[in-house]
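Working notes for the structure below.
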2 protein chains.
Amino acid sequence: MSLENQELRKAGLKVTLPRVKIYQILEKAGEGDHFSAEDIYKLLMEIGEDVGLATVYRVLTQFETAGLVTRHHFEGGHSVFELASAEEHDHIVCIKCGRVREFVDQQLIDRQYQIAKDLGFTITDRTLYLYGVCSEGCSAK
Amino acid sequence: MSLENQELRKAGLKVTLPRVKIYQILEKAGEGDHFSAEDIYKLLMEIGEDVGLATVYRVLTQFETAGLVTRHHFEGGHSVFELASAEEHDHIVCIKCGRVREFVDQQLIDRQYQIAKDLGFTITDRTLYLYGVCSEGCSAK
DNA sequence: AATGCTAATTAGAAACTTTCGCATCTGTAA
DNA sequence: TTACAGATGCGAAAGTTTCTAATTAGCATT
């Protein structure tokens, strides 16, 4: 049994073709890469998999609920998804070109835990997004 | 001349009825309150101001551009707005009792701007939420 | 292998937020 | 007061996400 199948079963999801294909796409993308539902839909079309857009959304939501992927919301009212990763990281989003970039800054993370501790909290989850304009590239479509 | 009018003029915007009304709503809300465009539209209806939803969006975008308000991107693909506050703050949320607490930590904020700068970004907006369990109170419903 | 039950998928339409186009109206400066 | 740039309102359009109803596929059991 393939790795994807194990992951899906472990998450309590039946192993179906759309789920496997979508999981593979996310997997191949690797860490730091983010896809919108539309991106994934187009990729599926390209490889000849006839999966509906609604299914892509549903499967991604199921993956999110199961903790397999993380959903990120940003400008323009659409979301991007990435395979849940073990390493804590944060995101910086270019509001012009839409690119999402990950970064890890231990000092920043440590400080957050320290603040929470000082306020009498135990952190279970964090969300940090920086929105801005990236200087290079960003051919402002 | 009223305070709102001065603010609008200072921002280079004509003083029109919709703009004044929308500004007043945001002002009355105070800090920490967040309104969606739809919320504001409904409030305008309630007080009998016949302002179109499109205008609400346009005005909010202008206010944002002028630096009068801050836009936050929330779940479900919609945005909320709050009057730009002089002080940047972040939020810590108790996942048990739902309490939201604001905090300000300059070191944390500075570090974020530094990271963005290092990555070639100019920050226009930030969102930091810490989720956790608060030790005291927290009458875990 | 075939069956039946359950759950998942599909396509299209609906829902929802946000933006656009254009005729009309308003605020502002002369 | 007048003229004009710019703002507004309305409806339609655009774009993302969700819903519905009918169909199909997965899977445990024969």
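Residue numbers begin at 1 in each chain, while the letters A, B, ... track the order of the sequences. Given the structure is predicted, the values throughout are model-derived calculations rather than measurements. When reading the values below, keep in mind they use all heavy atoms of this one structure, side chains included, and skip hydrogens, waters and symmetry mates.
- Comparing Leu53(B) and Ala37(A) by the nucleotide of DNA chain D that holds the closest heavy atom to each, the one mapping nearer the 5' end is Leu53(B).
- By the 30° and 60° cut-offs, the orientation of the rings of Tyr129(A) relative to His91(A) is parallel.
- Leu26(A) has its side chain within reach of Leu60(A): a pair of non-hydrogen atoms, C-beta onward, lies under 4.5 Å apart.
- Between the P atom of dA8(C) and the CG atom of Leu60(A) lies a distance of 15 Å, rounded to the nearest Å.
- One can place CG of Asp39(A) at 15 Å from P of dG15(D), the figure rounded to the nearest angstrom.
- Between the P atom of dG26(D) and the CG atom of Leu8(A) lies a distance of 13 Å, rounded to the nearest Å.
- Remark on DNA chain C: of its neighbouring residues Thr16(B) and Glu38(B), the 5'-side contact belongs to Glu38(B), judged by nearest-heavy-atom nucleotide.
- For Arg9(B), counting side-chain heavy atoms from C-beta on, the closest listed nucleotide (dC19(D), dT28(C), dG11(D)) is dT28(C).
- Using a 4.0 Å heavy-atom criterion, one finds that Lys14(B) contacts the bases of the nucleic acid, with or without backbone contacts as well.
- Between the CZ atom of Phe63(B) and the C1' atom of dT18(C) there is a distance of 18 Å, given to the nearest Å.
- Candidate nucleotides dT8(D), dT9(C), dT28(C) were compared by shortest atom distance to the side chain of Val15(B), and dT28(C) ranks first.
- Distance Arg19(B) CZ to dG27(C) P: 11 Å, rounded to the nearest Å.
- What separates CZ of Arg71(A) from P of dT16(D) is a distance of 14 Å, to the nearest Å.
- In this view, Arg58(B) satisfies the salt bridge (Lys or Arg N to Asp or Glu O under 4.0 Å) rule with no residue, not counting sequence neighbours.
- Taking atom CG of residue Asp50(B) and atom P of nucleotide dC25(C), one finds them 14 Å apart after rounding to whole Å.
- Residue Arg58(B) is classed as a base contact, given a heavy-atom separation below 4.0 Å to a base.
- Under the 4.5 Å side-chain heavy-atom criterion for Ile, Leu, Val, Met, Phe, Trp and Tyr, Leu119(A) and Ile123(A) are members of the same hydrophobic cluster.
- Nearest to the side chain of Tyr57(B), among dT18(C), dT18(D), dT8(D), sits dT18(C).
- Taking atom CG on Leu44(A) and atom P on dT9(C), their separation rounds to 12 Å, with Å as the unit.
- Within 4.0 Å (heavy atoms only), Thr55(A) reaches at least one base atom of the nucleic acid.
- Each of Leu13(B) and Gln62(A) has a nearest nucleotide on DNA chain C; the 5'-most of these lies closest to Gln62(A).
- Side-chain atoms of Glu88(B) and Tyr113(B) include a donor-acceptor pair closer than 3.5 Å.
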